Amino acid sequence: MSPPSLIESPPKHLTQAPTALSYELFPPRNAHAAESLWATIRELEQTNPDYVSVTYGASGSNRDTAVGLLHRLLEETTLRPLAHLTCVGNTAEELSGIITELLDHGVRGILALRGDLPNDPVEAHPPGALTYAQDLVELIRRVEQRRSALLCAGRVAIGVAAYPARHPESPSVEHDVEVLLAKQRSGADFAITQVFFHADQYRDLVVRARRAGVSIPIIPGVMPLTSVRRLRRLSTLTGVAPAPELLAALGRADDDGESRRIGVRATVDLANAALEAGAPGIHLYTFNEHAAALDVLDKLQLLRPERPTRRPGPSGSAAASAPVAAPQLIKA
Ligand code: FAD
């Protein structure tokens with residue numbers, strides 16, 4: 001009989017890692033949206049997520065609002081921001097400047113993306129632009145290297161996108177995994193997935209990725225889909241076909257309350273299936289609304305570290321937190 005390997009029977013303390021929790025926010029379009037976003041931020045902050053990600057508008061269209069929101073999160077909340085950044089709409093030089101600015105303000109996590117291509121190819125690839133997310137990962141690492149003496153407080157965590165359902169421009173799901181592996185080799189630390197509607201798509205992606213040598217965490221991105229309108233809009237934006245059964249169930253709902261219950265239930269089932277498949281965390285796309293996200297969190301009952309509430313210190317930075325206590329089940 002062969003001796004048990006560490007892979008088959010990992011030590012117990014290694015199997016009980018808490019589940020990572022994060023939310024996606026997008027920069028507000030106007031003052032009214034900003035007010036409602038900040039109400040959402042305060043609600044989400046209570047759940048002690050590991051980070052909140054801030055999207056970057058198509059072709060860098062909302063650059064100043066995005067950077068402003070990141071700064072405010074750092075200065076006025078206890079949340080750790082993950083800044084989305086895209087190749088599209090910026091030259092390498094401009095991106096270098098943005099990365100430097102983010103690092104100087106204390107951002108320590110960047111989600112490196114190519115961005116969606118505009119229709120005009122000249123706009124998509126101006127002279128000096130980066131072509132792929134992989135190029136951006138390498139650029140972030142180069143900027144980081146030049147500032148390593150200033151980054152004693154930690155290395156920059158770089159996330160990238162992954163696709164349970166094939167990326168619309170990709171020839172195959174196998175190619176998607178090769179791209180993910182290339183992004184890992186260039187220095188990515190983790191991946192967050194595009195939305196998906198079938199848990200086996202996430203499971204299959206992880207199996208393909210591990211076989212190909214991808215070892216970074218692949219965090220499923222899930223979105224509470226609480227209306228037919230939102231489901232269709234999401235499908236247009238991402239190219240991911242909505243699950244017909246969810247569309248039908250939402251279409252039959254009598255009122256908004258029932259729609260919300262159906263959407264939340266579907267999201268919880270999907271997230272639980274991904275967790276059962278070994279997902280190391282859950283990234284919730286919030287659409288800047290907290291109610292459905294908190295409903296999902298409440299029903300998921302994630303094993304999370306108990307953290308004392310940290311309050312921003314006098315200088316605006318979060319005061320040092322006490323040591324992290326043993327994991328516990330949290331409810332929203
Ligand atoms: P890449 O990894 O560069 O891939 C783009 C295409 O090129 C793919 O078809 C890929 O197969 C191909 N490719 C990549 N590398 C190579 C290579 N070396 N050789 C040949 N082919 C290659 N968009 C925004 O505009 N703002 C956001 O804030 C934003 N946030 C997102 C967050 C998440 C979690 C996800 C999943 C997506 C997000 N997007 C965002 C959308 C994203 O920008 C699009 O899906 C975009 O079309 C591809 O981005 P990518 O980073 O996956 O690009």
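Along the sequence shown, residues are numbered consecutively beginning with 1. Counting convention: from 1, in listed order, for ligands and their atoms alike. All of these numbers come straight from a predicted model, not from anything done at the bench.
For ligand 1, the polar-atom distance check against His84 finds a nitrogen or oxygen pair separated by under 3.5 Å. Of the polar atoms of Gln194, none of the N or O atoms is found under 3.5 Å from an N or O of ligand 1, judged by distance alone. The shortest N/O to N/O separation between Leu113 and ligand 1 does not fall below 3.5 Å. Annotation: Glu24 places no N or O atom under 3.5 Å from an N or O atom of ligand 1; distance criterion only.
Listed by first and then second residue, the salt bridge (charged side-chain N to carboxylate O under 4.0 Å, His left out) pairs that reach into residues 227-237 are Arg230-Glu289, sequence neighbours excluded.
In this structure, of His167, Arg166, Arg114, Glu178, the residue bringing a heavy atom nearest to atom 8 (C) of ligand 1 is His167. Closest heavy-atom approach to atom 24 (C) of ligand 1 within the set Tyr163, Tyr285, Tyr56, Tyr132: this belongs to Tyr56.
Atoms of ligand 1 lying under 4.0 Å from at least one heavy atom of Gly115, given by number and element, are 25 (O), 43 (O), 46 (C), 47 (O), 49 (O).
When ring centroids are compared, Phe196 and His198 stay outside the 6.0 Å threshold.
Under 3.5 Å, the side chains of Tyr23 and Thr40 contain no donor-acceptor pair of N or O atoms. Using modelled atom types and a 3.5 Å distance limit, the side chains of Ser22 and His283 yield a donor-acceptor pair.
The shortest contact between atom 18 (N) of ligand 1 and any protein heavy atom is with Gln134 OE1, 3.4 Å.
Other residues, nucleotides and ligands place no more than 12 heavy atoms under 6.0 Å from the CG atom of Asp256.
Residues forming a side-chain contact (heavy atoms from CB on, under 4.5 Å) with Ser259 (at least two apart in sequence, or on another chain): Leu250, Ala253.
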